[in-house]
Participant: 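To start, I am sharing the structure in question, which I have written as structure tokens.
Chain identifiers are assigned alphabetically (A, B, ...) following the order of the sequence lines, protein sequences preceding nucleic acid strands; residue numbering begins at 1 within each chain. If you're wondering where the values come from, they're calculated on a predicted model, not measured in any experiment.
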There are 2 protein chains.
Amino acid sequence: MALIKPKPVPICETLPLKHKPTEAEIFVVAETFKLLGDPTRLKILLACLEKPMAVGDIAQSIDASQSLVSHHLRLLRAARLVKGTRQSKQVYYEADDHHIRHIVSDMIAHAGENDADTE
Amino acid sequence: MALIKPKPVPICETLPLKHKPTEAEIFVVAETFKLLGDPTRLKILLACLEKPMAVGDIAQSIDASQSLVSHHLRLLRAARLVKGTRQSKQVYYEADDHHIRHIVSDMIAHAGENDADTE
DNA sequence: AAGAAATATCAATATCTGTTCATATGTAAA
DNA sequence: TTTACATATGAACAGATATTGATATTTCTT
């Protein structure tokens, strides 16, 4: 008999989803999430989440090589997670928009909510 | 000469960040994002984003083996991205909370904003 | 123009991860 | 208990990915 009670979804701007995401959309979204799924890349994004930061300064602040940071920035830029602007010799990167900042800060909040993770 | 104009951050509930995330926090957050970074796993989460779904039904709806879905659900569950409740033989999974739903729907919105991705 | 400084790219490797197939566990009916 | 159904787990392989070190490109200074 097993009846399942359908749960009402709490009111939210972007929910329920307007349309079922296509295969291509899902792939792009996953690819973007995947970029956030690397600690080094996440550190890079966090470093320039609220203020523009030069590549070298980012590298120094997270203790990584410039080569590595540049590699990752390229990926982050391609996914529009960050945007860079040249200021003479240096390129200043920052989170692309507050949309991105929101996703990251939300996830930080979620992870800090309770957690045990390692099980 | 090179002066950098500091950009004011738009007002937001979770921003600016209360505290600089620790190494451990970053790792957990990255790990959680990483889980969303696989198309199959994302499909699974999407399948039960708004309504509880049995494992078999999820597998069928995304055209994947039950074994694979179960493997992924285990990971999603460990990260508290989904929660499952047993209903006799079947286990119904759903997104853990609206926090998660929000992150996913936000990213879908971001990906759909404009994009070129493949470059 | 030559040199320095900052960033970007290339190639190679060591590691990780998604998937499959087989099997085990749990649950309910006969 | 046996049978059937739903889900979970284990081992192993193929493909992907982060990192490094060297080098190239871009931009400014002298």
Participant: Could you check whether any side-chain N or O of A:Glu31 sits under 3.5 Å from a backbone N or O of A:Ala79, counting only pairs where one atom can act as donor and the other as acceptor?
Facilitator: no

Participant: Just checking, is any N or O donor in the side chain of A:Arg86 or A:Tyr92 under 3.5 Å from an acceptor N or O on the other one?
Facilitator: no

Participant: Taking the side chain from A:Thr32 and the backbone from A:Val28, do they hold a donor-acceptor pair closer than 3.5 Å?
Facilitator: yes

Participant: Output yes when a side-chain donor or acceptor of A:Ser70 lies under 3.5 Å from a complementary backbone atom of A:Ser67, and no otherwise.
Facilitator: no

Participant: Consider the side chain of A:Lys34, meaning its heavy atoms from C-beta on, and name the nucleotide among C:dT19, D:dT17, D:dT7 that approaches it most closely.
Facilitator: D:dT17

Participant: Of the listed nucleotides (C:dA8, C:dA28, D:dA8), which one gets closest to any side-chain atom of B:Lys89?
Facilitator: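 Closest of the options to the side chain of B:Lys89: C:dA28.
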
Participant: Side-chain N or O of A:Arg41 versus OP1/OP2 of D:dA18: is the shortest distance under 4.0 Å?
Facilitator: yes

Participant: Where the side chain of B:Asp38 is defined as all heavy atoms beyond and including C-beta, which of D:dA8, C:dG26, C:dG18 is the nearest nucleotide?
Facilitator: C:dG18

Participant: Give a yes or no on whether the backbone of B:His72 and the side-chain of B:Arg41 come within a donor-acceptor separation of less than 3.5 Å.
Facilitator: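 Judged by distance alone, no pair lies under 3.5 Å.
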
Participant: For DNA chain D, determine which residues of residues 63-73 of chain B have any heavy atom closer than 4.0 angstrom to one of its atoms, and list them numerically.
Facilitator: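 When residues 63-73 of chain B is checked for heavy atoms under 4.0 Å from DNA chain D, the hits, listed by number, are B:Gln66, B:Ser67, B:Ser70, B:His71.
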
Participant: Any idea which of D:dA8, D:dT27, C:dA6 is nearest the A:Arg86 side chain?
Facilitator: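 Nearest nucleotide to the side chain: D:dT27.
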
Participant: Is any side-chain heavy atom of B:His19 closer than 4.5 Å to one of B:Glu25?
Facilitator: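 SC-SC contact between B:Glu25 and B:His19 confirmed.
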
Participant: OP1 or OP2 of C:dA8 sitting under 4.0 Å from any side-chain N/O of A:Tyr93?
Facilitator: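 So the side chain of A:Tyr93 is within the cut-off, an N or O lying under 4.0 Å from OP1 or OP2 of C:dA8.
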
Participant: Axis-to-axis angle across the helix from C:dA1-D:dT30 to C:dA30-D:dT1, five pairs an end, to 10 degrees?
Facilitator: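 Taking the rotation axis at each end, their angle is 30°.
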
